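Inspection log for the structure reproduced underneath, given as structure tokens.
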Amino acid sequence: AHCREPAAVGGSAPARGRPHRGSGSARLLACEGGASLGLSEMSMVLFASVVRVRDGLPLSASTDYEHNKGVQETKKYLKVLSKKLGHLPDRSTLRDVHYNIHFISSLGVGYMIICSENYPNVLAFCFLDELQREFITLYDTARINTVVRPYSFIEFDNFIQKTKQRFNNPRSLSTKINLADMQTEIKLRPAHQLTMFDVGTANGNVRLHSPPYKGIAPNQRLEPVKLPGFISCLLSFLCAALNLIRGFHAMENLFQDDQEELHTVAVFFTGTAACLYQCYLLTCYSGWRDLKSLLMFGLVCLCNLSLHEHRNTWQILFHVAVAAFSTLQTRMRQPQGKAPDYNV
């Protein structure tokens, strides 16, 4: 269907003797929406969202805050549906909620709206069709598939808002769209009617809240590693390798019945583990990163103090300085801030 802009709906009758260009579209809307389809104040698009099909990641959405509790409750159903778009028909409607939810999906992207119960289906899917055509024009598939943060295309809300204003204001509707084409397509391939069973709810209640997770969020991301961070990792690996080599040499003496070397071997291997764990804390997210890194620094210092008979002062200072540098880099590389919710 090719939906650019809805036809004029409502308004005064055309002057006698003048052809009324929008009369066909108006009749279609009248058939679709019921008695007087001038798109009353309560008949409107309330919320729109663009999501990625494979994981339900929200890409863009309406940013106007809606205080209506019914709309907020319906958004919960929309969120559940967005996670299941890959398993649902590409054109569907859910009516068993406070408001109607319509959505289409194509090329890995889903377009969803919440509208009032008496809003015409033909206009709802024309609205979605406009969002789809504009979105795939502005953003390529490769970029859509690689984004990881929610609402990475929040600037698309500007187009959503303009489209909402046109579709919600009957006085601004023009006759550029051929509603007959969309009406025909809906008749030939009607939208699939979803039920609460498809949403996966029990007794009409959305189950959105899972038991609280006690561990670390698996998708927590750190800020990009900078050059000092790379240097810190290389130096830590170097110190770990030196400790490991000296530990194997100490093991040779241990095999020669020199039991005093057992303590030395343990200290060298402990220093190796501490250096490697510092690299891990720098590159990966972990709970209590700063505290763990500080503890590893203290452990490296203790190990080198215990090895004062096997290393000179400069060697000890080098290992301690590398551990301190790694601790500082870990402290400076913090998790990325949470993406704003943009009132959606």
Side-chain angles (χ1 to χ4, degrees), residues 3 43-117 119 121 123-139 141 143-168 191-192 194 196 198-201 206-208 338-344:
C3 302
S43 176
M44 59 192 303
V45 176
L46 301 169
F47 177 77
S49 177
V50 181
V51 301
R52 190 164 59 192
V53 170
R54 77 165 187 262
D55 54 7
L57 179 74
L59 303 175
S60 186
S62 304
T63 56
D64 49 338
Y65 187 75
E66 176 61 57
H67 294 277
N68 189 306
K69 291 184 178 180
V71 175
Q72 296 299 323
E73 187 69 21
T74 306
K75 284 184 180 180
K76 298 179 181 179
Y77 292 95
L78 184 141
K79 183 177 180 180
V80 174
L81 287 174
S82 68
K83 303 291 185 180
K84 301 182 176 184
L85 288 182
H87 306 285
L88 296 174
D90 59 357
R91 178 188 292 167
S92 302
T93 298
L94 176 65
R95 298 182 183 278
D96 297 336
V97 289
H98 299 83
Y99 298 90
N100 292 342
I101 298 177
H102 304 279
F103 65 86
I104 61 175
S105 58
S106 176
L107 300 176
V109 180
Y111 309 87
M112 314 180 74
I113 61 169
I114 298 174
C115 57
S116 53
E117 293 181 344
Y119 194 79
N121 284 353
L123 284 184
F125 286 106
C126 279
F127 181 93
L128 293 172
D129 185 71
E130 284 208 14
L131 295 189
Q132 176 186 11
R133 289 188 292 107
E134 183 69 13
F135 193 82
I136 62 178
T137 301
L138 295 177
Y139 308 106
T141 304
R143 184 181 175 191
I144 295 172
N145 291 333
T146 54
V147 295
V148 295
R149 303 190 69 181
Y151 307 108
S152 296
F153 309 111
I154 192 62
E155 68 276 2
F156 187 71
D157 170 61
N158 294 330
F159 180 80
I160 295 178
Q161 295 296 351
K162 293 177 182 178
T163 309
K164 278 181 58 181
Q165 291 175 5
R166 294 205 325 273
F167 276 76
N168 287 340
H192 182 79
L194 300 177
M196 289 299 178
D198 298 310
V199 181
T201 60
V206 183
R207 294 182 177 179
L208 288 177
K338 180 182 177 181
D341 57 9
Y342 299 103
N343 288 331
V344 297

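Everything quoted here is computed from the prediction, not taken from an experiment. In this chain, residues are counted from 1 in sequence order.
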Next on the checklist: Working to the nearest 0.5 angstrom, can you tell me the gap between Asn145 CG and Arg143 CZ?
Outcome noted: 12.5 Å
Item to check | Close side-chain approach of Tyr119 to Asn168, heavy-atom, < 4.5 Å | outcome: yes
Checklist outcome for this item: Nearest heavy-atom contact between Ser152 and Val147 is OG-CB, 3.7 Å
Next on the checklist: Strictly distance-based, threshold 3.5 Å: is any side-chain N or O of Arg91 a donor or acceptor partner for the main-chain N or O of Phe125?
Outcome noted: no
Item to check | Heavy-atom pair of closest approach, residues Ser116 and Asn100 | outcome: O-ND2, 3.8 Å
Checklist entry - What's the shortest heavy-atom distance between Arg133 and Thr137, and which atoms? => result O-OG1, 2.6 Å
Item to check | Between CG on residue Leu131 and CE on residue Met112, distance to nearest 0.5 Å | outcome: 12.5 Å
Next on the checklist: Ring-plane angle category for Tyr139 and Phe156, please: parallel below 30°, perpendicular beyond 60°, tilted otherwise.
Outcome noted: perpendicular
Checklist entry - Taking Thr93 for the side chain and His102 for the main chain, is one N or O donor matched with an acceptor at less than 3.5 Å? => result no
Checklist entry - Are any of the side-chain heavy atoms of Ile113 and Tyr111 separated by less than 4.5 Å? => result no
Next on the checklist: Applying side-chain contact (heavy atoms from CB on, under 4.5 Å) to Phe153 and Val50, what does each step give before you reach the verdict?
Outcome noted: CA-CA 9 Å; Phe153 309 111; Val50 181; over 6 Å; no
Checklist outcome for this item: CD of Gln132 to CG of Leu128, rounded to nearest 0.5 Å, is 8.5 Å
Checklist entry - At their closest point, which heavy atom of Ser105 faces which heavy atom of Val53, and how far apart are they? => result CB-CG2, 4.0 Å
Next on the checklist: I'd like to know whether Ile136 forms a side-chain contact (heavy atoms from CB on, under 4.5 Å) with Val109, so could you lay out the CA-CA distance, the side-chain angles of the two residues, the decisive distance to 0.1 Å, and finally the verdict.
Outcome noted: CA-CA 9 Å; Ile136 62 178; Val109 180; 5.8 Å; no
Checklist entry - Going by heavy atoms in the side chains, are Lys164 and Phe127 under 4.5 Å from each other? => result yes
Checklist entry - To the nearest 0.5 Å, what is the distance between CD (Gln72) and NZ (Lys75)? => result 4.5 Å
Checklist entry - CG/Leu59 to OG/Ser49 distance, rounded to the nearest 0.5 angstrom? => result 8.0 Å
Next on the checklist: Quick check for you: to the nearest 0.5 Å, what is the distance between Leu78 atom CG and Leu94 atom CG?
Outcome noted: 9.5 Å
Item to check | Check: Tyr99 ring centre within less than 6.0 Å of Phe47 ring centre | outcome: no
Checklist entry - Do Leu81 and Leu194 pass the side-chain contact (heavy atoms from CB on, under 4.5 Å) test, and can you show the C-alpha distance, the side-chain angles, and the key distance before you say yes or no? => result CA-CA 10 Å; Leu81 287 174; Leu194 300 177; 3.9 Å; yes
Checklist entry - Does any N or O in the side chain of Arg52 come within less than 3.5 Å of the main-chain N or O of Ile144, such that one atom is a donor and the other an acceptor? => result yes
Item to check | Closest approach of Ser62 to Ile160 (non-hydrogen atoms, all atoms of both residues) | outcome: OG-CG2, 3.6 Å
Item to check | Non-hydrogen side-chain atoms of Ser82 and Phe103 separated by less than 4.5 Å | outcome: no
Checklist entry - Which atom pair, heavy atoms only, marks the closest approach of Pro58 to Val51? => result CA-CG1, 4.0 Å
